[in-house]
Number of protein chains: 2
Amino acid sequence: MGMVKGRAVSAPRASVWLTDAAARTRTRRSEQPSGLDRERITAATVRLLDREGLARFSMRRLAGELKVTAMSVYWYVDTKEDLLELALDAVVGELTVGPEGLEGDWRQRLRELARAYRAMMVRHPWVAPLMGSYLNIGPCSQAFSRRMRAVLHDSGLGAKEQLGALSAVFRFVYGFGAIEGNVIRRCRAAGHTQDEYYREAMGSMARRPEFVESFGDTEELFGPEGMGGGVAEMRERDFAFALDLLVTGIEAMARETAAT
Amino acid sequence: MGMVKGRAVSAPRASVWLTDAAARTRTRRSEQPSGLDRERITAATVRLLDREGLARFSMRRLAGELKVTAMSVYWYVDTKEDLLELALDAVVGELTVGPEGLEGDWRQRLRELARAYRAMMVRHPWVAPLMGSYLNIGPCSQAFSRRMRAVLHDSGLGAKEQLGALSAVFRFVYGFGAIEGNVIRRCRAAGHTQDEYYREAMGSMARRPEFVESFGDTEELFGPEGMGGGVAEMRERDFAFALDLLVTGIEAMARETAAT
DNA sequence: ACCTGAACACCGTTCAAGT
DNA sequence: ACCTGAACACCGTTCAAGT
């Protein structure tokens with residue numbers, strides 16, 4: 001318990017998922033007048049975040065969406081942060097592609113999981129900043145992590161290396177999804193397509209001598225050839241390449257493990 | 001130009017760095033009464049962000065730090081967003097380790113650049129969320145990117161692959177720095193060390209049956225053996241492993257390039 | 001047990017006015 | 001050219017009160 005400017009501040013919990021069971025049972029136990037419960041609130045949160053983005057999300061707006069007073073929500077959820085953590089785990093729940101992922105070549109399974117993760121981050125551009133802000137230990141996050149560990153178990157890496165690779169894969173995919181989700185968010189805010197946005201930025205840069213000096217001939221890198229079929233495809237190629245890099249790296253490290 | 005709830009909203013610029021020269025020249029042109037200019041404002045912003053974090057940063061607090069009215073800052077900077085973008089490029093400027101990085105084995109140079117980048121993100125835990133939010137085309141960001149491209153030029157990859165690898169390396173290091181900077185930020189907010197924080201989270205999880213089921217024996221993964229000398233060292237190992245994975249992957253892909 | 005209204009201590013930014 | 005004060009339209013959250 002600390003004091004900030006005379007206001008009592010209790011140390012924040014690490015995560016909603018670590019609150020005691022009693023607090024978590026604030027789910028519907030009878031027919032509420034408003035029909036509210038945690039699930040419904042979380043769903044509305046996801047809907048609102050998808051529609052208007054993280055910056056415009058507020059407890060008051062959420063309450064409006066639920067046709068209820070802002071303060072009603074606080075009966076089910078302690079803070080805005082907790083609510084966002086719930087929303088985060090909810091969309092990670094979309095990644096349950098089914099248990100068929102448990103067989104087949106580990107390379108292909110890793111590619112599939114990575115692609116699904118990235119696709120989710122692109123579908124929900126507000127996920128990236130949140131993912132970086134929480135512990136990600138909700139039930140759905142854990143289920144996904146378990147699947148990824150199963151894949152790496154089959155890679156031929158040693159037990160210690162599997163943990164290292166798990167962390168590498170996650171941060172790697174996160175890095176991609178975060179940047180990408182962000183550009184999407186910005187474009188949406190500006191009301192442009194990604195290609196327009198990119199062209200505008202490139203145009204502004206080309207008109208500035210420092211930038212040309214720095215990038216050399218920008219046409220070479222970002223012109224029709226370099227860009228191929230637009231920004232989306234360029235990023236697709238980048239991601240595919242990065243995935244190759246990852247798989248190739250794991251294979252090579254696994255050979256080292258096997259050799260010793 | 002759009003309308004949101006009757007309020008006129010002009011499409012946001014892509015970046016401070018893409019504003020016209022006239023606007024950027026709002027630097028000191030004479031001795032100001034308050035001694036304000038962009039540089040001083042940016043420096044104060046970095047100081048404040050380091051000390052209190054992104055969440056507590058506000059234009060009003062910054063103004064207080066500068067002993068000036070909140071609105072004075074707006075003479076030099078259009079929006080809070082612009083200011084944060086300036087602060088971001090300023091700390092990337094810390095990465096100028098000198099031109100000696102231009103020779104030597106590309107593997108070692110890549111490792112050095114990656115390590116420096118990560119260290120910077122750990123020094124300034126507010127960088128990660130911002131880095132994901134802007135285009136990162138300030139002069140210092142570009143200088144760093146140029147150095148990284150020089151390194152990859154020497155890796156033996158083809159020209160196209162070099163671009164892919166550049167993106168991979170950046171997103172990769174970003175992923176690491178973001179997660180790590182975040183935990184640091186949370187710990188600081190809670191007034192705990194990272195080890196305390198980690199132990200607490202682990203303790204809470206161990207007391208919950210679902211978690212044990214999910215992670216198996218948590219002691220095995222996170223106990224004294226798995227953790228080694230604390231969280232910091234565990235992350236150090238993870239990062240080192242990931243760096244190996246990256247270098248090994250690039251080497252293998254370069255061999256493929258050479259073979260065809 | 002659940003929901004509301006009023007209030008507190010904040011925000012970023014605009015705008016008219018001062019020097 | 002630079003800086004200020006007052007004001008607008010918001011925030012998250014607390015707290016006492018209602019049903």
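These values consider heavy atoms only, across backbone and side chains, with no hydrogens, waters or symmetry-generated copies. Residue numbers start from 1 in every chain, and the chains themselves are labelled A, B, ... in the order their sequence lines are given, proteins ahead of strands.
Side-chain atoms of B:N136 come within 3.5 Å of backbone N or O of B:M131 as a donor-acceptor pair. Looking at B:S133, its side chain does come within 3.5 Å of a backbone N or O of B:P129 through a donor-acceptor pair.
Whole-Å rounding puts the A:L36 CG to C:dA1 C1' distance at 13 Å. Rounded to an integer number of Å, the gap from A:L66 CG to C:dC3 P is 11 Å. To the nearest angstrom, C1' of D:dC11 lies 15 Å from CZ of B:R56. Straight-line distance from the CG atom of B:D37 to the P atom of D:dA1: 17 Å, rounded to whole Å. Between the CG atom of B:L62 and the C1' atom of C:dC11 there is a distance of 14 Å, rounded to whole Å. What separates NZ of A:K67 from C1' of C:dT4 is a distance of 18 Å, to the nearest Å. A:R40 has its CZ atom 15 Å from the C1' atom of C:dC2, to the nearest Å.
OP1 or OP2 of C:dC3 has not a single side-chain nitrogen or oxygen of A:S72 nearer than 4.0 Å. Using a 4.0 Å cut-off, some side-chain N or O of A:W75 falls inside it from OP1 or OP2 of C:dC2. For C:dC2, the OP1/OP2 oxygens have no side-chain nitrogen or oxygen of A:Y76 closer than 4.0 Å.
Atom name P, nucleotides D:dA9 and C:dA9: the rounded distance is 22 Å, in whole Å. For the C1' atoms, the distance from D:dC11 to C:dA7 is 14 Å, rounded to whole Å.
The ring-ring contact (aromatic ring centres under 6.0 Å, His included) test applied to B:Y117 returns B:F144, B:F170, not counting sequence neighbours.
A cation-pi arrangement is present between A:R171 and B:F176 under the rule of less than 6.0 angstrom and at most 45 degrees off the ring axis.
Ionic pairing of A:R115 and A:E236 is not present here: no N-O contact between side-chain nitrogen and carboxylate oxygen is shorter than 4.0 angstrom. Ion pairing between a basic and an acidic side chain is recognised when a charged N comes within 4.0 Å of a carboxylate O; B:E52 and B:R188 show no such pairing.
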Please tabulate the protein-to-nucleotide N/O contacts below 3.5 Å involving nucleotides 13-17 of chain D, giving atom names and distances.
residue, atom, partner, partner atom, Å
D:dT13, OP2, A:Y74, OH, 2.6
D:dT13, OP2, A:K80, N, 3.0

(Q) Would B:E180 and B:R118 count as a side chain to side chain contact (heavy atoms under 4.5 Å, CB included) here? Give the steps. (A) CA-CA 9 Å; B:E180 195 165 358; B:R118 168 171 171 259; 2.9 Å; yes
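Side chain of B:S58, nearest nucleotide from C:dC3, D:dG12, C:dG12: C:dG12.
Separating the CE atom in A:M148 from the CG atom in A:L113 is a distance of 5.0 Å, to the nearest 0.5 Å.
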Q | Watson-Crick and G-U pairing of DNA chain C written in dot-bracket, each distance under 3.5 angstrom, with | for inter-strand partners | A | ||.|||||...|||||.||
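In this structure, A:I184 and A:V122 approach most closely via the heavy-atom pair CD1-CG1, 3.4 Å.
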